[in-house]
Amino acid sequence: MEVTFSRFVQALRNADVRVSPAETLDAFDVVSQVGIENKRLLRDALGLALAKTRDEKERFEDAFDRFFLQLAFREPAKPTFVRDVDREALVEELGRHLSGGLVRTIDSVLADERDYLAFLVQQAAEDAGISAMRTLREKRLYAAKIAQALSLDELEAYLAGGGTGNGADPLLRYLRQYFHGEIREYVDAQYKLHVDATGRRALLEAALKSQLDRIPREYHVEVRRVVEKLARKLAREHRRRQRRAARGVLDLKKTLRRNLSYDGAIFEPHWRRVKREKATVYVLCDVSGSVAQVSRFLLLFLYELTDVLPNVRAFAFSSALGEVTDTFSRKAPEEAVEQALFDWGKGTTDYARAFRDFRELCGRDLDSRSTVVVLGDGRNNYFDPQAHLLKEISLRVKQVFWLNPETRDRWSDGDSEMRRYAPYCLDVRLCNRVEHIETFADQLLTAAR
């Protein structure tokens, strides 16, 4: 029971139902109280203990039904020729050519005893370690292992060798198809329980590995959730680093003086406190059509890091540049991003004008503690790039990073001006996937402290 319940909890987590270890123990107490005889009572009781929101309750009920009704194999829709076959005679004939286990399986299905087939499939799946399945490609592998455990290869060889030579062969071919179909459905159900409850995770993983500007719109919500989760994880890690860094290094002299009364034993170490001035990060995002998707996810990522980044001021531009920091402080992140794209993404891209506007807005605030991040492809629509504007900004701040969704081999194509802007940046990084944003955010948190 403990093993089964642990697997059920894992299935719930795969279905995006948040279940903590404490809630798992509470739910196990619930099972001990209500028992497992009444399925409806068990489902309702566990639902109260484990599902918190309306969406979670829907996912809980779906996962519960799929997990505990996985043995309810559908009844085969027997074709009309089944009535023309003598079951006892067929079983006796097969007994002379096939193993006893396979013959019994065939006989049980013909006798409508589907529970026996369900038991065999589940046992074979457990022996094959199906709970360790992690990828979509493994489904076929586990289906083949279960079929081999049920000796279906004997049935294949028997039919390939001519079969019974009478009217029973169509029935055997039908049963072969039925067995393989039930095995595939069982493996698919296990995949959804243990790997991908919604059926969209594999597609989402493929989308995350592709370029951000090519992710279909219907996956934006899922990608946003992934971005937020990665950002929160990164924020937790840097909070721990900040606590360790704030402690400073050991002050040996004060430590020795404080511990004289302990005969030289170190009981009260003293640390040199490190006081840092707050830095400011200025983020300039090109929100024109060619870069809008990458800017969208970068802004969402940075929004989730606002409590660990020192100070963040965000700006959006296509031609004219405007500050969107207040928009993010007043609205939900996705709403704020859409507002920024709508307000500042309509013009023809002009980096020179954007840098000029930025200098006018923030020129007096830039100092050696400032970090400037530019996100854009550097394509200036054949306007004068005026690279000296970026040079002036670079000389006044600590560092300039440029995130470009295009690879270096495209910097010389068409209206790209990246080769003129790159010399005034500390680093120019490729940024067209979620993992690129995550890696850069990690570096930014370290550099901006």
Q.
With side chain to side chain contact (heavy atoms under 4.5 Å, CB included) as the criterion, how do L298 and C431 come out once you've worked through the C-alpha distance, each side chain's angles and the decisive distance to 0.1 Å?
A. CA-CA 9 Å; L298 176 65; C431 183; 5.7 Å; no
Give a yes or no answer on whether the side chain of [X] reaches the backbone of [Y] with a donor-acceptor pair at less than 3.5 Å.
{"X": "Y421", "Y": "P385", "result": "yes"}
{"X": "K398", "Y": "R369", "result": "no"}
{"X": "D286", "Y": "G376", "result": "no"}
{"X": "S319", "Y": "T349", "result": "no"}
{"X": "T325", "Y": "A314", "result": "yes"}
{"X": "N432", "Y": "P405", "result": "yes"}
{"X": "N404", "Y": "E406", "result": "yes"}
{"X": "S318", "Y": "T348", "result": "no"}
{"X": "E56", "Y": "K52", "result": "yes"}
{"X": "W402", "Y": "L375", "result": "no"}

Salt bridge [X]-[Y], side-chain N to carboxylate O under 4.0 Å:
{"X": "D427", "Y": "R429", "result": "yes"}
{"X": "R379", "Y": "E417", "result": "no"}
{"X": "E23", "Y": "R18", "result": "no"}

Q) Taking it one step at a time, do F440 and L403 satisfy side chain to side chain contact (heavy atoms under 4.5 Å, CB included)? A) CA-CA 9 Å; F440 172 73; L403 308 180; 3.7 Å; yes
Minimal non-hydrogen separation, [X] against [Y], with atom names:
{"X": "I183", "Y": "L152", "value": "CD1-CD1, 3.8 Å"}
{"X": "Y142", "Y": "M133", "value": "CE1-CB, 3.8 Å"}
{"X": "F60", "Y": "R43", "value": "CE2-O, 3.3 Å"}
{"X": "Q148", "Y": "D153", "value": "O-OD1, 4.4 Å"}
{"X": "R13", "Y": "S20", "value": "NH2-C, 4.0 Å"}
{"X": "L321", "Y": "D357", "value": "N-OD2, 3.1 Å"}

Counting C-beta onward and ignoring hydrogens, is there a side-chain heavy-atom pair between [X] and [Y] closer than 4.5 Å?
{"X": "S288", "Y": "D377", "value": "no"}
{"X": "W344", "Y": "V324", "value": "yes"}
{"X": "V312", "Y": "Y282", "value": "no"}
{"X": "H436", "Y": "L430", "value": "yes"}
{"X": "V373", "Y": "L284", "value": "no"}
{"X": "F297", "Y": "V337", "value": "no"}
{"X": "T327", "Y": "E335", "value": "no"}
{"X": "T371", "Y": "V397", "value": "no"}

Roughly how far, to the nearest 0.5 Å, is [atom2] of [Y] from [atom1] of [X]?
{"X": "L120", "Y": "E182", "atom1": "CG", "atom2": "CD", "result": "13.0 Å"}
{"X": "S368", "Y": "R396", "atom1": "OG", "atom2": "CZ", "result": "11.5 Å"}
{"X": "F317", "Y": "D343", "atom1": "CZ", "atom2": "CG", "result": "15.5 Å"}
{"X": "K145", "Y": "D127", "atom1": "NZ", "atom2": "CG", "result": "11.0 Å"}
{"X": "Y382", "Y": "S416", "atom1": "OH", "atom2": "OG", "result": "10.0 Å"}
{"X": "N38", "Y": "D44", "atom1": "CG", "atom2": "CG", "result": "8.5 Å"}

Q: Answer with yes or no after comparing the ring centroid distance for F383 and Y351 against a 6.0 Å cut-off, counting only values under it.
A: no
**Q.** Qualifying salt bridge (charged side-chain N to carboxylate O under 4.0 Å, His left out) pairs with a residue from residues 315-331, counting only residues at least two apart or across chains
**A.** R313-E323
Looking at [X], I'd like to know if its [atom1] atom is crowded, meaning that more than 12 non-hydrogen atoms belonging to other residues, nucleotides or ligands lie closer than 6.0 Å.
{"X": "Q177", "atom1": "CD", "result": "no"}
{"X": "E126", "atom1": "CD", "result": "yes"}
{"X": "F342", "atom1": "CZ", "result": "no"}
{"X": "R140", "atom1": "CZ", "result": "no"}

(Q) Evaluate H388 against R420 for side chain to side chain contact (heavy atoms under 4.5 Å, CB included), listing each step before the verdict. (A) CA-CA 9 Å; H388 67 277; R420 298 193 182 187; over 6 Å; no
Q. Do R419 and S412 get their side chains close enough for a donor-acceptor pair, meaning under 3.5 Å?
A. yes
(Q) Before you tell me yes or no, could you show the steps for D409 and T407 under side-chain hydrogen bond (donor to acceptor under 3.5 Å, both in side chains), namely the whole-Å CA-CA distance, both residues' side-chain angles and the distance that decides it to 0.1 Å? (A) CA-CA 6 Å; D409 58 349; T407 55; 2.3 Å; yes
(Q) Between D367 and S370, does the side-chain hydrogen bond (donor to acceptor under 3.5 Å, both in side chains) criterion hold? Intermediate values first, please. (A) CA-CA 5 Å; D367 55 31; S370 302; 3.1 Å; yes
Q: Give me the one residue out of R356, E392, R353, K391 that meets side chain to side chain donor-acceptor pair (under 3.5 Å) with Q386.
A: R356
Q: Carefully, step by step, assess L389 and R359 under the rule side chain to side chain contact (heavy atoms under 4.5 Å, CB included).
A: CA-CA 8 Å; L389 294 172; R359 183 182 61 183; 3.4 Å; yes
Q) Excluding sequence neighbours, so at least two apart, what forms salt bridge (charged side-chain N to carboxylate O under 4.0 Å, His left out) with D188? A) K139, K192
